[in-house]
Amino acid sequence: MRFPLVGGESYYRGLKLALGVGPRWSSGGTEKGVRVRFAPSPTGYLHLGGLRTALYNYLFAKKHGGTFILRLEDTDRSRLVAGAAQSIEDMLEWAGIPPDESPRRGGPCAPYEQSRRLDLYHAAAKTMLDSGAAYRCFCTSQRLDLLKKEALRSRQTPRYDNRCRHLSSKQVQDKLSQGTPFVVRFRLLEGPQPFQDLVYGWTRHDVASVEGDPVILKGDGFPTYHLANVVDDYHMGVSHVLRGTEWLISTPKHLLLYQALGWQPPQFAHLPLLLNKDGSKLSKRQGDIFIQHYIDNGYLSDALLDLITNCGSGFTAENQMGRTMETLIQQYDLGKTSTHSALLDLDKLPEFNRIHLTKKIDNTDTRFQLVKQLKTLLKDAYKDLVLDEQYIERILLLRKAFLSSRLLKENTSDLTLETLNGELKSKMKRLEDTKYSNAMKLLRVALSGQEHGPSVAEMLLSLGSEESIIRLQNALTE
């Protein structure tokens with residue numbers, strides 16, 4: 001590493017902040033209330049696990065009248081994906097959980113990209129180098145590879161042997177004068193570091209017994225996750241850190257960094273994993289893990305969020321379907337979050353989507369929005385197709401009438417021809433400007449593909465509810 005650790009106006013601004021001189025946000029939320037952040041890395045696009053973490057942070061902030069921050073951890077320059085940073089914020093807005101502060105929206109703690117906050121990390125590293133809490137490591141990548149191979153050969157966990165921790169001041173200066181590249185490592189303290197997690201309770205882990213001193217500033221001048229997230233959470237006044245349980249074991253390391261810098265840490269809450277319904281981990285190789293998949297397939301964001309929260313804990317009421325954002329905020333209770341992993345059954349998403357679509361059609365305002373959206377989609381797909389909004393609205397009402405009626409939700413084996421015919425006529429009365437005979441012709445074609453044949457009621461009894469729904473959905477989609 002050859003970046004300057006001293007000099008420059010931006011460096012001195014960062015040093016003042018690192019030392020607590022001048023204006024800053026108060027960590028712990030004592031001055032500015034609840035402040036939480038979602039800090040993804042734009043090395044890929046937003047997936048279900050990330051959306052869930054963002055959602056829980058958003059719910060916690062809104063529940064307590066706080067602020068939801070989007071911060072991009074873009075320090076791993078070799079793995080950045082073009083367009084991912086913009087896409088992440090687009091996905092949050094689509095989901096109805098827009099950040100209050102972000103790279104796009106700005107805010108009092110800007111910039112919100114870590115690649116533009118290097119002066120703060122350099123200043124924090126300089127503070128710890130001066131105090132002895134950190135040191136320069138001149139070990140080559142070849143030596144580190146040998147250490148790793150030797151540990152694996154001995155069936156031990158690879159770890160750095162802290163060799164450069166013991167260099168004298170003269171040895172360090174000699175290497176610096178020779179221009180030897182280096183990284184900055186943090187000097188871990190021995191002994192367990194207990195802390196109280198808001199989900200897992202009291203936790204203790206002796207990180208120094210299983211790890212070598214970690215790198216906090218890389219050779220290219222960019223920080224590692226451990227330093228960057230501590231520095232940014234402090235300067236952004238983050239009061240609560242809600243993140244995945246995979247970071248639970250790293251928290252003692254982060255608390256040691258707060259201690260070395262003389263900063264008050266935020267409160268931590270580690271969320272249990274979101275898994276597939278069979279207990280396997282969500283994988284980016286799955287085609288249905290990315291949020292864009294659900295947008296492309298026409299799912300409602302309310303339905304997806306409802307499903308994600310329904311399969312986990314953290315709410316005063318569980319196993320409810322059809323919850324709106326307002327209800328989710330009202331029912332959210334971090335203290336009710338269990339340590340058990342949440343099993344996500346994506347096969348239930350169509351039913352959640354049906355419920356939320358029905359609600360939107362029932363509501364005059366949201367139905368009007370759906371009509372506008374459908375009109376735009378139809379224009380994009382069929383350039384020469386001209387449909388007025390009243391016609392589109394009648395189609396929506398027709399879809400709702402059949403996909404939400406008892407004749408398709410219940411077991412058709414319990415129904416009779418007389419009952420079904422009565423249900424059909426009852427539903428048709430609700431549709432203005434639509435003749436019963438015309439509606440039956442459309443349904444017959446949708447169910448059988450034929451203009452003539454058995455009555456709609458007979459076909460519903462013969463096909464059963466599940467097959468009837470599939471055929472009607474396919475027909476309405478076409």
Side-chain angles (χ1 to χ4, degrees), residues 51 55 58-59 62 89-100 104-105 291-310 320-331 349-409 423-436 438-440 442-443 446 469 472-478:
L51 178 65
L55 173 62
Y58 179 88
L59 294 176
K62 301 311 169 185
E89 196 155 356
D90 289 341
M91 297 297 102
L92 294 181
E93 292 179 355
W94 171 83
I97 53 175
D100 300 301
R104 182 178 298 167
R105 293 172 180 257
I291 308 307
Q292 189 63 50
H293 166 81
Y294 300 98
I295 297 177
D296 293 341
N297 284 274
Y299 286 103
L300 298 173
S301 60
D302 289 346
L304 187 58
L305 298 185
D306 194 11
L307 175 65
I308 289 175
T309 54
N310 195 270
Q320 290 186 340
M321 299 175 70
R323 292 179 295 181
T324 62
M325 180 61 68
E326 182 180 5
T327 304
L328 289 175
I329 294 172
Q330 181 182 4
Q331 294 183 355
L349 183 56
E351 176 63 11
F352 276 81
N353 202 65
R354 184 191 67 78
I355 291 172
H356 282 273
L357 182 58
T358 299
K359 281 191 169 187
K360 286 184 177 293
I361 296 175
D362 280 338
N363 183 283
T364 304
D365 293 334
T366 53
R367 184 169 69 240
F368 180 74
Q369 294 172 7
L370 283 175
V371 169
K372 292 288 187 183
Q373 293 171 7
L374 275 174
K375 189 174 182 180
T376 301
L377 290 172
L378 287 168
K379 282 184 177 180
D380 292 340
Y382 308 98
K383 305 298 183 184
D384 299 327
L385 184 63
V386 179
L387 293 176
D388 62 59
E389 293 182 359
Q390 289 183 342
Y391 181 83
I392 297 174
E393 184 176 18
R394 290 201 300 272
I395 294 294
L396 283 176
L397 290 170
L398 179 65
R399 177 187 176 94
K400 182 255 178 182
F402 284 95
L403 297 190
S404 63
S405 67
R406 62 184 289 275
L407 63 107
L408 287 182
K409 289 193 291 183
E423 283 286 335
L424 288 168
K425 290 179 180 179
S426 174
K427 299 300 179 186
M428 289 301 101
K429 289 180 181 179
R430 301 181 188 179
L431 301 179
E432 299 179 1
D433 302 325
T434 302
K435 291 184 179 180
Y436 177 78
N438 290 339
M440 291 303 103
L442 287 173
L443 289 174
I469 289 176
L472 285 172
Q473 286 180 327
N474 290 339
L476 287 168
T477 301
E478 294 173 4

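Quick caveat, the model's predicted, so the values are computed rather than measured.
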Exercise for the section: Kindly indicate, with the supporting measurements, whether the criterion side chain to side chain contact (heavy atoms under 4.5 Å, CB included) is fulfilled by Asn363 and Lys359. Expected result: CA-CA 6 Å; Asn363 183 283; Lys359 281 191 169 187; over 6 Å; no
Exercise for the section: Step through the shown structure and confirm whether more than 12 heavy atoms of other residues, nucleotides or ligands are within 6.0 Å of CD on Gln331. Expected result: yes
What distance separates [X] [atom1] from [Y] [atom2], expressed to the nearest 0.5 Å?
X      : Y      : atom1 : atom2 : answer
Arg354 : Leu300 : CZ    : CG    : 12.5 Å
Leu92  : Tyr58  : CG    : OH    : 10.5 Å
Glu351 : Leu307 : CD    : CG    : 11.0 Å
Thr327 : Gln330 : OG1   : CD    : 6.5 Å

Side-chain contact test, heavy atoms from C-beta onward, threshold under 4.5 Å: evaluate it for [X] versus [Y] and give yes or no.
X      : Y      : answer
Thr366 : Leu370 : no
Met325 : Leu55  : yes
Asp90  : Arg104 : yes
Thr376 : Gln373 : no

Indicate the atoms forming the closest heavy-atom contact of [X] with [Y], along with that distance.
X      : Y      : value
Arg105 : Pro99  : CD-O, 2.9 Å
Pro98  : Glu93  : CB-CG, 4.2 Å
Leu51  : Ile97  : CD1-CD1, 4.0 Å
Ala95  : Ser301 : CA-CB, 3.7 Å
Leu59  : Ile329 : CD2-CG1, 3.6 Å
Met321 : Asp306 : C-OD2, 3.5 Å

Handout entry: salt bridge (charged side-chain N to carboxylate O under 4.0 Å, His left out) between Asp100 and Lys62, worked out
Key = CA-CA 11 Å; Asp100 300 301; Lys62 301 311 169 185; 2.9 Å; yes
Practice task
Kindly say whether His293 contributes a backbone atom to a donor-acceptor pair with the side chain of Asn297 at under 3.5 angstrom?
Solution key: yes
Problem - Check against side chain to side chain contact (heavy atoms under 4.5 Å, CB included), Arg323 and Asn310 - result: CA-CA 9 Å; Arg323 292 179 295 181; Asn310 195 270; 4.0 Å; yes
Practice task
Check the pair Lys360, Asp302 against salt bridge (charged side-chain N to carboxylate O under 4.0 Å, His left out), reporting the backbone distance first and the verdict last.
Solution key: CA-CA 10 Å; Lys360 286 184 177 293; Asp302 289 346; 3.6 Å; yes
Exercise for the section: I would like to know whether Trp94 and Leu304 meet side chain to side chain contact (heavy atoms under 4.5 Å, CB included); could you show each step before the answer? Expected result: CA-CA 11 Å; Trp94 171 83; Leu304 187 58; 4.2 Å; yes
Exercise for the section: Apply the test side chain to side chain contact (heavy atoms under 4.5 Å, CB included) to residues Tyr299 and Asn353: give CA-CA distance (whole Å), side-chain angles for both, the deciding distance (0.1 Å), then the verdict. Expected result: CA-CA 6 Å; Tyr299 286 103; Asn353 202 65; 3.7 Å; yes
